[in-house]
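Here is the structure we will look at.
Residue numbers start at 1 and run along the sequence shown. Computed from a predicted model, the values in this text were never measured in an experiment.
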Amino acid sequence: MNMIFAEYLLLSSLVLGVQLFLHQTQRIQFVEVSDTAKIHCSSTENLEGGSNMFWYLRREGEKPTCIKRCLDDQNVSKFACKHETHSSTLEINNVQKTESGIYYCAYRYSSYLIFGNGSMLIVGDSYTKSSWVMLLVPFPRDSQVTGTANLACVIYGVSSPVHVSWSVSGELQEQGLTRSLKAKDGSLTLITHISVPMDTWTSGKNFTCEVKFNSSGNSVKKSTRYSAASSTAPARECSHYIVPLAAGAGLLLLVVSLSLVWTLCPSTLGLKPRTSAPPASEEPQGGILYAHLDFDSRNHKGRTMQRSAREKRVKA
């Protein structure tokens with residue numbers, strides 16, 4: 001759903017961006033609960049008093065919904081539109097944590113809606129007692145096949161959206177693609193990943209995922225770098241098992257060989273051939289039910305003769 005909406009925003013900009021382009025400079029904004037949030041939207045053209053201006057909110061895991069049409073005066077105490085010639089500002093009074101999400105300004109141009117690039121609003125603290133951050137690195141074999149390395153930053157157990165940024169040896173990268181999962185208790189698990197060329201990943205640079213949960217400035221950073229030793233670790237680990245496996249296979253082969261000689265050629269070992277066992281039977285022995293299986297010769301005539309001989313012995 002997020003990808004579809006992003007493609008729609010890009011398409012609307014490509015088709016109608018020559019006449020009108022909306023830009024939201026605030027990519028991220030932290031506010032405390034009960035404060036007033038202000039989200040700005042600028043335009044390359046005159047907005048005509050904002051009569052065709054709309055504001056949409058997309059919460060994590062939900063579809064975008066229209067929360068304000070600047071032409072009407074409804075819900076002014078909560079949402080208010082402030083206009084200038086080439087800009088519009090959405091004011092959210094007494095903001096709450098449930099109003100965290102990405103806000104998009106939209107302008108109705110002819111029969112189309114042109115959207116801005118969006119501003120993320122994070123209200124209060126998203127961190128909980130069960131929150132943790134994990135950095136996942138690419139498996140060497142998969143990276144070599146695809147020619148790209150995919151790194152993922154997993155943020156588990158947060159109450160609302162967080163801000164995630166990636167950097168490579170201190171240089172900020174473009175924001176990664178984020179997917180979200182919502183648990184039954186309402187908590188969120190966010191997965192943000194980036195793709196880099198294989199030569200960039202193997203260059204030895206530091207890859208850092210930084211997660212900000214609130215406006216205090218405190219954040220969690222997880223860093224990693226490519227290590228040639230790690231790519232050969234699976235091979236080294238497997239080498240520890242080669243000798244025991246080879247010894248076990250040799251012992252098993254020896255046992256099977258001796259068993260065949262014992263069964264097929266007992267006279268060569270100076271042993272008397274064993275008599276056939278009784279027919280298969282099932283009897284309870286101390287609560288355990290067992291079965292004895294007797295395999296006859298594969299020769300049809302021999303099988304008939306052996307079976308009749310056993311039957312005679314049983315009857316006797």
Side-chain angles (χ1 to χ4, degrees), residues 1-31 36-71 79-92 95 99-123 126 153 155 160-167 171-180 188 190-195 209-212 215:
M1 185 272 297
N2 297 352
M3 290 295 296
I4 296 175
F5 188 66
E7 291 175 358
Y8 177 76
L9 296 180
L10 178 60
L11 180 62
S12 65
S13 299
L14 292 175
V15 174
L16 302 172
V18 176
Q19 295 82 8
L20 181 64
F21 180 79
L22 300 177
H23 183 64
Q24 297 173 241
T25 56
Q26 297 169 295
R27 299 303 302 270
I28 178 72
Q29 182 180 168
F30 291 94
V31 294
T36 298
K38 297 181 180 181
I39 305 173
H40 303 285
C41 176
S42 60
S43 171
T44 56
E45 300 293 333
N46 192 333
L47 295 179
E48 300 178 358
S51 58
N52 293 318
M53 180 66 66
F54 299 80
W55 285 92
Y56 282 77
L57 168 60
R58 180 172 65 81
R59 296 184 177 91
E60 287 293 338
E62 299 181 7
K63 296 180 179 179
T65 56
C66 182
I67 59 170
K68 180 65 176 179
R69 182 182 180 185
C70 295
L71 178 64
F79 301 103
C81 293
K82 304 295 182 181
H83 299 287
E84 294 183 4
T85 305
H86 292 88
S87 66
S88 179
T89 300
L90 175 68
E91 292 186 359
I92 309 174
V95 67
E99 291 163 335
S100 297
I102 302 178
Y103 287 79
Y104 297 91
C105 59
Y107 188 81
R108 185 171 63 185
Y109 185 91
S110 182
S111 58
Y112 299 92
L113 278 175
I114 304 175
F115 286 86
N117 53 316
S119 298
M120 176 177 285
L121 180 67
I122 299 178
V123 182
S126 301
C153 192
I155 306 97
S160 54
V162 298
H163 181 244
V164 182
S165 60
W166 288 90
S167 62
E171 297 182 3
L172 289 176
Q173 303 296 302
E174 293 185 3
Q175 188 175 5
L177 178 63
T178 300
R179 305 177 187 275
S180 62
L188 297 173
L190 308 175
I191 305 175
T192 302
H193 79 270
I194 60 171
S195 297
C209 165
E210 182 177 3
V211 182
K212 293 183 178 180
S215 60

Would you indicate whether the side-chain heavy atoms of Leu121 and Ile92 approach each other to under 4.5 Å? yes

Modelled atom types, side-chain donor and acceptor of His86 and Ser43, under 3.5 Å: no

Output the distance between atom CD1 (Ile194) and atom CD (Gln173), rounded to the nearest 0.5 Å. 6.0 Å

What's the shortest heavy-atom distance between Gly118 and Gln24, and which atoms? N-OE1, 3.0 Å

Show the nearest heavy-atom pair for residues Leu188 and Glu60, with the distance to one decimal. CD1-CB, 3.9 Å

Go through the steps for Ser87 and Ser42 under the test side-chain hydrogen bond (donor to acceptor under 3.5 Å, both in side chains), then give the verdict. CA-CA 4 Å; Ser87 66; Ser42 60; over 6 Å; no

Taken to the nearest 0.5 Å, the spacing of Tyr56 OH from Ile102 CD1 works out to 16.0 Å

For His193 against Trp166, the heavy-atom pair lying closest together: CA-CZ2, 4.4 Å

For Cys105 versus Met53, what's the shortest heavy-atom pair and its separation? CB-SD, 4.1 Å

So, do Lys212 and Phe30 sit near enough that their side-chain heavy atoms are less than 4.5 Å apart? yes

Just by modelled atom types, is the Ser167 backbone N or O under 3.5 Å from a matching donor or acceptor in the Glu210 side chain? no

Close side-chain approach of Leu90 and Phe79, heavy atoms under 4.5 Å: yes

I need the minimum non-hydrogen distance between Arg59 and Ser100, along with the two atoms involved. CG-O, 3.7 Å

Quick one: CD1 on Ile122 to CD on Glu99, what's the gap to the nearest 0.5 Å? 14.5 Å

With rounding to the nearest 0.5 Å, note down the distance linking CG in Leu22 to OH in Tyr107. 9.5 Å

So Ile155 and Val164, do their side chains get closer than 4.5 Å, heavy atoms only? yes

Answer whether the closest heavy-atom distance between the side chains of Leu190 and Val211 falls below 4.5 Å. no

Non-hydrogen side-chain atoms of Trp55 and Ser88 separated by less than 4.5 Å: yes

Within the 3.5 Å criterion, strictly below it, is a donor on Ser160 or Ser126 matched to an acceptor on the partner's side chain? yes

In terms of heavy-atom contacts, Lys38 and Glu91 come closest through CE-OE2, 3.6 Å

From Tyr104 OH over to Leu113 CG, what is the distance, rounded to the nearest 0.5 angstrom? 14.0 Å

When rounded to the nearest 0.5 Å, the distance separating CZ of Arg27 from OG of Ser119 is 7.5 Å

Sidechain-backbone polar pair: Gln26 side chain, His40 backbone, donor-acceptor under 3.5 Å: yes

